There are 2 protein chains.
Amino acid sequence: MSYSKYGMMKSMSPASPHEPGRAPEQSAAHGAASLPWAARVRASGLRVTKQRLAVLDALDHAPHATADQVLDRVRQSLPDITVQSVYTVLHSLTDAGLLRQLDLANSPARYETRVADNHHHAVCTECGRIEDVACAVGHAPCLTPAETHGMAIRVADVVYQGLCADCARREADAAPGTPSPRDAHQG
Amino acid sequence: MSYSKYGMMKSMSPASPHEPGRAPEQSAAHGAASLPWAARVRASGLRVTKQRLAVLDALDHAPHATADQVLDRVRQSLPDITVQSVYTVLHSLTDAGLLRQLDLANSPARYETRVADNHHHAVCTECGRIEDVACAVGHAPCLTPAETHGMAIRVADVVYQGLCADCARREADAAPGTPSPRDAHQG
DNA sequence: GTCCTTTTTATGAGCTACTCAAAATATGGC
DNA sequence: GCCATATTTTGAGTAGCTCATAAAAAGGAC
């Protein structure tokens, strides 16, 4: 099957729920700096480096960014960081459960700092815009598949596809008379 | 955003439900050969070529195959077909709605001929094994996200991740005392 | 069947996203 | 500050896919 050594690492981290973004303070473990991220990195058993903090900060400000986009942003504070370092940092932080990797069709991998809640994503098929969406309506069993072929399901990753409000409006303007596609919904 | 010209084309084809595999006979449009696929290709407005039929046949026999795996199988009957031709064929058939493209994490694109039902997939995080699973229990609204940010959702692509029966057994043998991971389930 | 137009495939080159190995450097416990 | 180890950098390489153009087939008209 030739899966890479990094395996499939999407959203497997069972962290406890809390607010995203600014990290939840590890009860001031050893009076760390005013940066919450430093404490969380440390608490994950990783060393705190400026590269890691910069990547985390970049993704805090631009969720769903690709490695390339992260690189651009990080270079504003660390002009000499290399592409490879960004990849390494993204991997180590993802393995540590501080980042979540997002794999969408026809797009390089994306990353986000919101790892605690198992939220899903809605992608506009027209413009590629990505929005976070909360878990599906109802309760967890909602996503229990009917027949699992003996597999013990751990996580359900859901990607909704549709038209964002902007694109829907644009499309409606382009083809008047055609009703807005807010109808069919195969689940 | 730099999405490729082929866009995100997963499971957008709203065909009517019927049995997968051997195609559903276009009511013998013009007494076509005994190959159902030829008729379906034709009905989609595409020309019937041996390359296309070979790719469809290959995917009938090996669902979820990658372009590479399709190439291997197709070469058994068409030894001179090129990689690029396989890519072209896969794209044209996907655009026509005769194939569905599957994008899983850390894996090249995969394809399947089962396009009519909007089924989902379960992937074993250990061995990469892929199984088809029917739509989630219950009814369509089951997958309606709570808050869509104004997006008109068309399709929900779900990838379940877990351990297949074989890997679960192997893991249980390796670490006795540790209970099987058939528990947590974040939806 | 033959001719002709259009679609499809083959050829060949090129690119993006990512990986790997080894050397240089920084972190953090002492 | 020192040292062991983790991390980043350097440099090279690969898989998977795309693009442009030329050659070849499909299929409708005759």
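Just so you know, these numbers come straight off a predicted model, no measurement behind them. Order of the sequence lines fixes the chain letters, A, B, ..., with proteins taken first and strands second; residue numbering starts at 1 for each chain. Note: hydrogens, waters and symmetry copies are ignored here, and every other heavy atom, side chains too, is used.
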Separation of dT8(D) P from Arg75(A) CZ (nearest whole Å): 15 Å

His120(B) and Asp132(B): CA distance, side-chain angles, deciding distance, side chain to side chain donor-acceptor pair (under 3.5 Å) verdict: CA-CA 6 Å; His120(B) 302 310; Asp132(B) 289 342; over 6 Å; no

Touch class at under 4.0 angstrom, heavy-atom based, for Val83(B) against every strand present: nothing

Heavy-atom side-chain contact between Val158(B) and Asp157(A) under 4.5 Å: no

Filtered N/O pairs between nucleotides 2-4 of chain D and protein, under 3.5 Å:
none

His121(A) side chain reached by Val133(A) side chain, heavy atoms, under 4.5 Å: no

Phosphate OP1/OP2 of dA26(D): any Arg42(B) side-chain N/O under 4.0 Å: no

Tyr160(B) side, atom OH; His149(A) side, atom NE2 - distance, nearest 0.5 Å: 11.5 Å

Distance in angstrom units between Leu46(B) CG and dT6(C) P, rounded: 17 Å

Is there any protein nitrogen or oxygen under 3.5 Å from a nitrogen or oxygen in nucleotides 11-16 of chain C, and what are the pairs?
{"residue": "dG12(C)", "atom": "O6", "partner": "Gln84(B)", "partner atom": "NE2", "Å": "3.4"}
{"residue": "dA13(C)", "atom": "N6", "partner": "Gln84(B)", "partner atom": "NE2", "Å": "3.4"}

Main-chain N/O of Leu104(A) paired with Ser107(A) side-chain donor or acceptor, under 3.5 Å: no

Sugar-phosphate, base or nothing in reach of Val48(B), heavy atoms under 4.0 Å: sugar-phosphate

side-chain N/O Arg52(B) vs dA26(D) OP1/OP2, d < 4.0 Å: no

Step-by-step salt bridge (charged side-chain N to carboxylate O under 4.0 Å, His left out) determination, Arg114(B) to Asp117(B): CA-CA 7 Å; Arg114(B) 241 181 105 175; Asp117(B) 59 342; 2.5 Å; yes

Distance, rounded to the nearest Å, where Asp68(B) contributes CG and dC17(D) contributes P: 9 Å

Nearest-nucleotide comparison on DNA chain D, the residue closer to the 5′ end among Ala109(B) and Lys50(B): Ala109(B)

Between C1' of dT9(C) and CG of Leu90(B), the distance in whole Å: 13 Å

Selection from dT19(C), dT8(D), dC17(D) that lies nearest to any side-chain heavy atom of Ala67(B): dC17(D)

Length of the line joining Leu71(A):CG and dA17(C):P, which is rounded to integer Å: 12 Å

Value in whole Å for how far the C1' atom of dG16(D) lies from CG of Leu104(B): 15 Å

Thr49(A) side-chain N/O to dT8(D) phosphate OP1/OP2 under 4.0 Å: yes

Side chain proximity check, Thr113(B) to Leu98(B), heavy atoms < 4.5 angstrom: no

Protein-nucleotide distance (Tyr87(A), atom OH; dT14(D), atom P), rounded to Å: 17 Å

Nucleotide dA17(C), atom P - distance to CG of Asn106(B) in whole Å: 15 Å

Flag side-chain contact, heavy atom, 4.5 Å: Arg129(B) against Met151(A): yes

Residue pair Glu112(A), Leu99(A): steps toward the side-chain contact (heavy atoms from CB on, under 4.5 Å) verdict: CA-CA 6 Å; Glu112(A) 62 189 348; Leu99(A) 290 181; over 6 Å; no

Phosphate OP1/OP2 of dT18(D): any His91(B) side-chain N/O under 4.0 Å: yes

Non-neighbouring partners of Ser44(B) that pass side chain to side chain donor-acceptor pair (under 3.5 Å), sequence neighbours left out: none

